[in-house]
Each structure stands twice: as structure tokens, then as C-alpha cells.
Amino acid sequence: MKFSSQTLRTFTTLHTWVGLVAGFGLFVAFYAGALTLFHHDLPLWQTPGAATALPAGLDDAQYLLDDVLATHAEARRHVGMTFPGADHPQPLAYWQAEDGSWRYAWPGQISGSPTPPQTGLAELVNELHYSLGLPVAGIYVMGIVSLLYGMALLSGLVIHLPKLLGDLFALRPGRNLKQQWQDAHNVIGVLSLPFHLMFAVTGALLCLVFVQMAVLDPLIYDGKALQAVPTAMDTAPLREASGIPAAPGSLRELHARALEVARAQGVANFEPAYLKLANGGDANATIEITGEASGTLGPLGAVALDVESGRVLASQLPGQRDANHATLSAAYALHFGEFGNGVVVWLYFLLGLGGAFLFYSGNLLWIESRRKRRQPQQSRAVVNMARATVGVCIGLCVAISVAFVTALVLERVAPAQVDHGIRWACFVTWAACALWAALRRPAQAARELLWAAAISTALVPVAHGALNGDWLWLAAARGHWPLFWIDAMALAMAFGFARLAYASQRRARNGDPNSVWAN
């Protein structure tokens with residue numbers, strides 16, 4: 001397939017500018033997204049002794065649920081709770097207070113905390129991934145960024161399609177650094193294109209689902225979209241409270257009933273993960289038990305039961321779901337790698353880091369293509385883009401590593417302040433790095449912030465071993481593989497940052513002096 005030169009120029013311009021506009025947000029989303037693959041492991045890594053603590057049982061979950069319903073009237077309307085298991089050793093209950101804020105309770109703490117325990121790091125990384133850490137509007141910003149991302153991918157495909165096979169595996173090391181960066185950018189982009197298209201589509205779908213509903217409301221829902229949301233999103237039907245008191249129900253019996261229903265529908269390996277209880281303590285109470293089943297693209301499924309009788313009200317299990325639930329379950333699983341075995345997790349982790357490299361290298365290529373090769377003084381736009389790229393991208397890497405170390409320290413000295421402390425540590429460090437890059441020459445800022453990233457990331461496993469006793473080799477010997485892999489990946493990434501810092505230093509000293517990356 002051949003395109004005219006004018007068409008290629010148009011798509012090249014589109015690819016460049018859409019990539020620049022969305023690139024910073026996508027770097028944050030992909031770098032943090034790679035770390036979300038450890039979402040279930042981070043609470044164990046963060047909390048001293050959590051990896052060796054015995055998981056609670058269904059009786060502990062029952063006591064917690066009964067206490068919450070007896071203590072908090074608003075929780076009786078609607079309460080959620082995780083089942084104790086490998087990902088959540090202790091049950092956690094959560095509900096909305098009268099003022100709309102969320103409250104959390106766990107064994108030993110049923111007063112209603114505004115923050116859940118031991119989840120600060122996982123939630124911070126997840127927030128950076130889906131909303132850039134921006135309150136309220138962040139998720140919609142990321143939805144728009146995902147749409148721009150799709151445009152950049154398609155325009156990039158048009159650009160490289162005519163010479164795809166010739167350039168696919170072309171890596172030409174040598175003195176032409178721009179060519180090296182271009183080759184690496186092209187190879188990673190083309191080889192991971194199907195995954196990136198999937199990330200763009202599912203990212204836009206998940207972030208803009210309510211915007212889509214608002215647009216389609218007058219066309220499909222006849223102005224009643226809000227009434228259709230529960231049916232589209234949940235499994236349990238809406239039922240009004242009868243006003244007749246009833247026992248809260250036996251979790252052990254309801255748990256067993258959900259397993260029975262799943263097996264009857266051909267899902268033999270269904271494992272309940274969390275529940276949603278509506279009208280607790282009422283004769284019309286309903287419970288929705290959600291769990292995972294391996295061997296399917298959308299592993300999440302749910303069974304809705306009448307609490308008093310155990311009667312099945314509805315089910316949305318793999319192979320038996322309607323279009324709404326099948327689409328949302330598949331989109332979530334595809335986007336976060338919640339399917340398959342450990343190979344999928346590591347593949348997604350590498351794709352996340354590779355995606356971050358794509359957007360970082362895209363900015364570097366824009367800078368290199370606009371520099372003036374015959375004079376040492378570069379344009380203000382090129383210098384400012386170099387400073388922004390260094391401050392935002394490398395600064396984020398430093399900030400997340402600092403947040404990891406801060407979490408370990410605060411878990412020891414001020415456990416109640418962990419969630420607030422790591423956010424302050426992350427965003428203040430990120431802002432300080434951006435300011436540092438704005439005040440220094442780009443080459444100096446890049447070298448210094450890369451060394452800062454290397455040191456702060458290397459401190460992650462060191463602090464973990466020194467403060468919690470979970471040294472890398474001890475975690476491996478005890479079979480605590482989640483702890484081992486997080487620390488091992490931190491060491492590998494610290495080594496990568498150090499190599500980049502050394503390469504940046506060498507480039508500044510020996511490279512073309514007419515460049516923003518020269519000393």
C-alpha cells in the first residue's frame with residue numbers, strides 16, 4: 001500500500017503533535033500502569049509482617065459485617081466487603097457515609113476510618129495511572145488522552161506501513177543518535193501496536209463510560225440513563241427495603257451457595273473475592289458475590305442472592321453474561337492484565353515500561369529534529385521541551401520511588417499518616433524535580449535527575465530490608481515471592497537509571513556540542 005507524499009506529511013504532522021499533546025500524560029499512565037501489575041502485592045510489601053500473617057476466615061468476616069451493620073446505620077443501605085484470601089488476608093468493609101464520603105472498617109477497627117489500611121501505595125500508583133493524580137477531572141482528562149493516543153497510533157501506522165518490513169528490525173547503532181532513537185521508537189511501537197491499540201480503546205471506554213452514557217442518553221435511554229446504570233453495571237436487582245427486620249444472614253452459607261450456583265453454570269473454579277450487601281438486616285436484603293474464574297478473558301463474574309432464602313436473583317458468570325457485563329469485564333481484564341497466568345503479568349509490565357519509553361523517546365525525537373546543528377544556541381521552544389521532558393518524566397520516576405521509601409518509614413513511625421504522607425512525598429518530590437529541571441541546563445538536569453532516580457529506586461529494597469527485615473534473599477528463601485519480585489524489579493530499574501545517567505553524562509561530554517544535551 002502506497003500513500004502520496006502529501007498524505008504522509010499530513011499524518012506525520014498529526015502523529016507528532018498529537019503525540020506531544022498526549023505524551024506527558026501517557027508517560028505517567030504507562031510508567032504507573034506498569035507498577036499497577038503489583039497492585040495486589042503492594043499492601044503485603046508495604047506492611048511489616050503482612051506476608052507471614054495468617055489469613056482470616058469467613059467467621060472473622062461475619063463478625064466484622066455484623067459489627068458494621070450494628071454500628072453504622074448508613075451501611076445497612078449498602079455495604080461492600082472483601083473476602084479474606086491471598087490478596088486480602090483480612091476482610092475489609094466499606095460504605096458511604098451520609099456526607100457522601102467513604103468509610104472503611106476491618107477487624108479491630110469498626111469506627112469507620114476515612115482511609116483503608118495498608119493500601120496507600122497501591123492506591124497512589126493506581127490514581128497516577130488512571131487520573132494522573134488529579135482530583136475529579138483527572139479520569140476525564142485521561143479519557144481524552146486515550147482518544148488522542150489512538151489517533152497517534154493510527155497515524156504512526158500509516159507513516160510506517162509503506163516501509164514496515166524493511167524498518168521493523170532495523171537497529172542501527174553508531175554516531176547518529178537520532179537514528180538510534182528513531183529505530184528503537186519504531187521497533188517498540190510497531191511490535192507492541194496491537195497491545196497499544198487495545199490500551200487506547202479500553203482506556204477511553206473505562207474513563208469515559210459516563211460521558212458515553214450522557215451522549216447516548218437522548219438517543220437510546222430516552223433520558224433515563226441514570227435509571228439504567230444499576231442494571232448495566234451491577235448484577236443484583238434493585239429492591240426497596242421492606243421495613244421488616246431479619247437476620248443479617250450467614251456468610252458461610254451464602255458463600256457456599258454462590259459456589260454452588262457457579263458450578264451449576266459450568267464455572268467450576270469460581271473464587272469469591274468481595275460482596276455487596278443491600279438492605280442489610282431487612283427481609284428484602286440482597287447480596288451480590290463477585291469473584292474470579294481462571295481460563296476466561298473476562299474472569300470477573302457475580303451471583304446475586306436473596307439473603308434470607310438463598311434464592312438466586314440473577315447471575316453474570318463467564319459464558320453466561322449479557323453484552324453489557326461481558327464488554328465491561330473483558331475491557332477491564334484486557335486493560336489491567338487480569339487474565340491468564342504470571343506470564344501475562346510480566347508481559348504487561350514490560351509493555352508498560354516500553355510504552356513509557358515510546359512517549360519519552362517521541363519527545364526526544366521532536367527535540368532532535370528541531371535543533372539547529374550549525375549554532376550552539378538552541379531555540380527557546382526546544383530548550384523548554386527538553387526541560388519539561390526531563391522534569392515531568394524522570395521526575396515522576398524519582399517521585400514514585402521516594403513514595404515507596406516514605407511508605408516504609410511511615411509504617412514504622414506514624415502508621416496513621418501513611419496515606420497522606422506518601423502523597424505529599426510523591427507530589428512534592430515531583431514538583432521539586434520539575435522546578436529543578438526548569439532552572440538547570442537540560443543536560444545537567446537529565447544527568448542529575450537520572451542519578452536521583454537510580455539512588456531513590458535502589459533505596460527501595462534497601463529500606464525494605466532494613467526496616468521490615470524482608471531482605472531480597474530472605475524473601476526468596478521463605479517463598480515470599482511478591483516481596484522478592486518487587487525488590488528485584490526495583491534493583492533492576494535502579495541499574496537501568498544508572499546506565500541512562502552514565503550515557504547522558506557521556507553524551508554531554510563527547511556528543512555534538514550544538515545540542516540541548518551538551519554541557
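All heavy atoms count here, side chains included; hydrogens, waters and symmetry mates do not.
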Kindly give the heavy-atom pair with the smallest separation between Ala458 and Ala494, and that separation in Å.
-> N-CB, 3.6 Å
Evaluate side-chain contact (heavy atoms from CB on, under 4.5 Å) for Glu127 paired with Leu134, printing each intermediate quantity in order.
-> CA-CA 8 Å; Glu127 282 180 27; Leu134 300 173; over 6 Å; no
Phe357-Phe27 aromatic ring centre distance below 6.0 Å = no
Any Met493 side-chain heavy atom under 4.5 Å of Val460 side chain = no
Counting only heavy atoms not in Trp102, do more than 12 sit closer than 6.0 Å to its CH2 atom?
-> yes
Closest contact, heavy atoms only, Leu148 versus Ala22 | CB-CB, 3.9 Å
Reported CG-to-CG distance for the pair Leu206 and Leu328, which is rounded to 0.5 angstrom | 7.5 Å
About how many Å separate OG of Ser146 and NE2 of His335, when rounded to the nearest 0.5 Å?
-> 7.0 Å
Spacing of CG belonging to Leu124 relative to CD1 belonging to Ile422, to within rounding of 0.5 Å | 5.0 Å
Check: Ser456 side chain, Ala453 main-chain N or O, donor-acceptor pair, under 3.5 Å | yes
Considering all heavy atoms of both residues, which atom of Ile139 and which atom of Ser131 are nearest to each other, and what is their separation?
-> N-CB, 3.7 Å
Classify the ring geometry between Trp346 and Trp485 as parallel (under 30°), tilted (30 to 60°) or perpendicular (over 60°).
-> perpendicular
Is the shortest heavy-atom distance from the side chain of Tyr31 to the side chain of Ile400 under 4.5 Å?
-> yes
Answer yes or no: is there a donor N or O on one side and an acceptor on the other, between the side chain of Arg387 and the main chain of Arg440, under 3.5 Å?
-> yes
Using a 4.5 Å cut-off on heavy atoms from C-beta on, say whether the side chain of Leu483 contacts that of His464.
-> yes
Under 30°, 30 to 60°, or over 60°: which ring-plane class applies to Phe195 and Tyr348, parallel, tilted or perpendicular?
-> perpendicular
What distance separates Tyr360 OH from Leu396 CG, expressed to the nearest 0.5 Å?
-> 12.5 Å
Test side-chain contact (heavy atoms from CB on, under 4.5 Å) applied to Phe495 and Leu500, step by step = CA-CA 9 Å; Phe495 177 77; Leu500 288 172; over 6 Å; no
Can you see which heavy atom on Asp487 is nearest to which on Leu472, and at what distance?
-> CB-CD1, 3.2 Å
Going from CD on Gln505 to CD on Gln444, what distance comes out if it is rounded to the nearest 0.5 angstrom?
-> 11.5 Å
Heavy-atom side-chain contact between Asn468 and Trp45 under 4.5 Å | no
Check the pair Arg423 / Glu123 against side-chain contact (heavy atoms from CB on, under 4.5 Å), numbers first and verdict last.
-> CA-CA 10 Å; Arg423 278 169 171 74; Glu123 290 304 316; 4.1 Å; yes
Please report the C-alpha distance between Arg103 and Ser101 in whole Å, then the side-chain angles of each, then the deciding distance to 0.1 Å, and finally whether the side-chain hydrogen bond (donor to acceptor under 3.5 Å, both in side chains) criterion is met.
-> CA-CA 7 Å; Arg103 291 291 183 266; Ser101 62; 3.0 Å; yes
With sequence neighbours left out, the residues meeting side-chain hydrogen bond (donor to acceptor under 3.5 Å, both in side chains) with Trp430 are none
How about Leu474 and Arg478: do any of their side-chain heavy atoms sit closer than 4.5 Å?
-> yes
Pair listing, side-chain hydrogen bond (donor to acceptor under 3.5 Å, both in side chains) test, anchored in residues 390-409, at least two apart | Ser401-Thr457
Geometric class of the Tyr332/Phe336 ring pair [parallel <30°, tilted 30-60°, perpendicular >60°] | tilted
Between Thr36 (side chain) and Gly33 (backbone), is there a donor-acceptor pair under 3.5 Å?
-> yes
Expected output: side-chain Glu411 to main-chain Pro415 donor-acceptor under 3.5 Å | no
Any side-chain heavy atom of Tyr140 sitting closer than 4.5 Å to one from Cys207?
-> no
Under 3.5 Å donor-acceptor, His129 side chain and Ala29 backbone = yes
Might you point out which heavy atoms bring Gly120 and Asp419 nearest each other, and give the distance in Å?
-> CA-OD1, 3.0 Å
Between Leu300 and Glu338, is any pair of side-chain heavy atoms under 4.5 Å apart?
-> no
Rounded to the nearest 0.5 Å, how far apart are OG of Ser113 and CH2 of Trp106?
-> 4.0 Å
Check: Phe38 ring centroid to Phe349 ring centroid under 6.0 Å = yes
Assert yes or no for the condition that the ring centre distance of His196 to Phe30 is strictly below 6.0 Å.
-> yes
With the side chain counted from C-beta on, respond yes when Tyr149 and Phe199 share a heavy-atom pair under 4.5 Å apart, and no when they do not.
-> yes
Might you point out which heavy atoms bring Ala498 and Trp451 nearest each other, and give the distance in Å?
-> CB-CZ3, 3.9 Å
